[in-house]
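Before any comments, here is the structure.
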There are 2 protein chains.
Amino acid sequence: MAASVVPDETVGRLVTYVDYLERLLDQEVATVSSRELAAAAGVNAAQVRKDFSYLVPYRLGYFGTPGVGYEVRRLLYQLTRFLGVTHERRVVLVGYGSLGAALARYRGFAARNFNMVAVFDVDPAKIGKKVDGALVHGIDRLGEVLAQTGAEIAILATPASSAQSVAEKLAQAGIRAILNFAPVVLSLPRGVTVRQVDLSREMQLLAFRAMQDGESARAHHDSLPEEERQREP
Amino acid sequence: MAASVVPDETVGRLVTYVDYLERLLDQEVATVSSRELAAAAGVNAAQVRKDFSYLVPYRLGYFGTPGVGYEVRRLLYQLTRFLGVTHERRVVLVGYGSLGAALARYRGFAARNFNMVAVFDVDPAKIGKKVDGALVHGIDRLGEVLAQTGAEIAILATPASSAQSVAEKLAQAGIRAILNFAPVVLSLPRGVTVRQVDLSREMQLLAFRAMQDGESARAHHDSLPEEERQREP
DNA sequence: TAGATTGTTAATCGATTAACAATC
DNA sequence: TAGATTGTTAATCGATTAACAATC
């Protein structure tokens with residue numbers, strides 16, 4: 001079997017389908033079509049069915065019924081089983097700055113069975129304090145605390161300058177997956193999964209699109225001059 | 001000219017190149033190759049050159065010199081000019097909960113010329129307070145305040161349940177771009193650019209990969225039984 | 001049965017990567 | 001000049017979408 005049969009894009013959408021199915025379950029809706037799931041996730045209906053087809057090799061059992069759709073309850077059960085969201089997942093946070101503090105408090109994690117078991121920072125003023133239900137440790141105690149808590153997932157919210165070295169320590173200490181908020185590409189041994197969330201990059205992309213839409217006609221005109229008017233800045 | 005010649009992926013990477021070029025400029029490095037830029041951004045060198053080639057129609061002037069590479073200073077100038085990062089961009093934040101508060105304080109935005117000019121919330125206890133240098137308004141004052149401030153970009157950090165209706169109000173009030181942290185797919189008129197950041201989804205994806213790596217052998221074994229053992233949950 | 005909707009295969013689309021002539 | 005590296009075209013890859021037979 002290839003290392004990862006199910007693309008990240010699909011796994012991400014499965015999570016979205018689960019969210020939507022839970023809402024349907026609350027509303028006591030019994031069945032749902034791929035078309036409806038697609039609308040909720042902002043994708044094509046064929047995409048939804050294709051996504052489910054990736055799970056066939058895992059032999060989960062039930063999916064849909066032609067002509068009818070999917071039973072909400074059973075589909076939800078299969079997807080959560082596949083995603084493994086049933087049991088608690090332990091998370092550590094490294095970097096208790098403004099963003100780190102927010103992430104520690106963010107309720108979206110707890111709602112999904114993520115339990116923040118420890119926080120790490122370099123600031124001596126923070127070490128030893130209890131924040132949001134978790135104790136702040138010095139980064140030197142990483143290995144020790146990870147061994148104790150058995151956490152497998154880390155949230156990295158340090159400054160860019162220290163992100164790579166901290167990530168290496170995390171990998172060494174047995175962390176399997178890192179959600180990286182530092183605007184640096186981490187290079188780590190295979191076996192450690194990294195997802196990068198670059199908020200500043202997202203904002204800059206948005207700003208570019210906003211500007212572009214506003215200026216399309218003008219920009220086109222401005223761009224005509226062949227000469228480069230650069231003054232060394 | 002097609003609506004958007006430059007893919008989002010490329011624009012995102014251009015931002016990353018700019019970050020790296022600024023570091024090189026600080027270090028007084030004069031030239032850089034596509035290979036080096038690629039390493040910094042975690043991509044292929046051909047990707048870097050391809051990304052730059054998308055900018056050719058914009059006739060910015062200088063890029064690289066075959067056999068030599070790119071002059072750091074001039075390349076940086078061209079990219080920032082293209083991205084329009086030179087002038088201040090005004091941003092409003094809607095939803096001052098735990099995440100919203102963190103985003104308001106997040107320094108990565110200010111460092112990139114984003115200025116948070118107003119905050120909105122429904123909680124009467126927050127309205128009228130000054131937080132992180134911006135006043136908190138009721139959502140009913142959206143149109144008024146946006147007209148005053150001229151903000152074009154919004155950060156949406158409300159609960160999922162109100163995200164769509166707030167987004168519609170934002171679009172109506174002239175917002176061009178929305179960074180959406182609510183785990184809901186927004187449907188808005190064309191002309192409003194939306195980027196979604198779903199932190200819980202990222203975490204669930206990571207947790208899945210972490211679990212998967214740990215279990216590959218076991219999971220494969222477990223998956224064999226043909227019978228579905230579902231008990232209605 | 002007729003209408004609806006699944007699961008899957010094939011077609012399309014777009015992004016990434018390789019290759020290489022141009023050129024400093 | 002010889003070596004290096006760009007800019008661009010062509011090849012590859014993977015993800016999305018369309019189409020449709022199977023089937024409830």
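In this structure, D/dC24 forms a base pair with C/dG3, meeting either the Watson-Crick or the G-U wobble geometry with both donor-acceptor distances under 3.5 Å.
Distance CG (B/Leu55) to P (D/dT6): 15 Å, rounded to an integer number of Å. Distance CD (B/Glu9) to P (D/dC13): 19 Å, rounded to an integer number of Å. Between the CD atom of B/Glu36 and the C1' atom of D/dA4 there is a distance of 14 Å, given to the nearest Å. In this structure, the NZ atom of B/Lys50 is 8 Å from the C1' atom of D/dT9, given to the nearest Å. Here C/dA18 presents its C1' atom at 8 Å from CG of B/Asn44, a figure rounded to the nearest Å.
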Run the ring pair (Phe, Tyr, Trp, His ring centres under 6.0 Å) test on A/Phe109 and A/Tyr106 for me, step by step, so that the C-alpha distance in whole Å, both residues' side-chain angles and the decisive distance to 0.1 Å come before the verdict. CA-CA 6 Å; A/Phe109 293 151; A/Tyr106 182 52; 5.0 Å; yes
Would B/Tyr70 and B/Phe63 count as a ring pair (Phe, Tyr, Trp, His ring centres under 6.0 Å) if you check the C-alpha gap in whole Å, the side-chain angles of each, and the deciding distance to 0.1 Å? CA-CA 6 Å; B/Tyr70 306 88; B/Phe63 276 89; 7.2 Å; no
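In terms of position on DNA chain D, the residue among A/Thr65 and B/Val68 whose nearest nucleotide sits closer to the 5' end is B/Val68. Remark on DNA chain D: of its neighbouring residues A/Pro66 and A/Gln47, the 5'-side contact belongs to A/Gln47, judged by nearest-heavy-atom nucleotide.
B/Glu88 and B/Asn113 share no side-chain donor-acceptor pair at under 3.5 Å.
Proximity of A/Tyr54 to the phosphate of C/dT8: no side-chain N or O atom is located under 4.0 Å from OP1 or OP2. OP1 or OP2 of D/dG7 has not a single side-chain nitrogen or oxygen of B/Ser53 nearer than 4.0 Å. Contact check, B/Arg13 against C/dT16: a side-chain N or O comes under 4.0 Å of OP1 or OP2.
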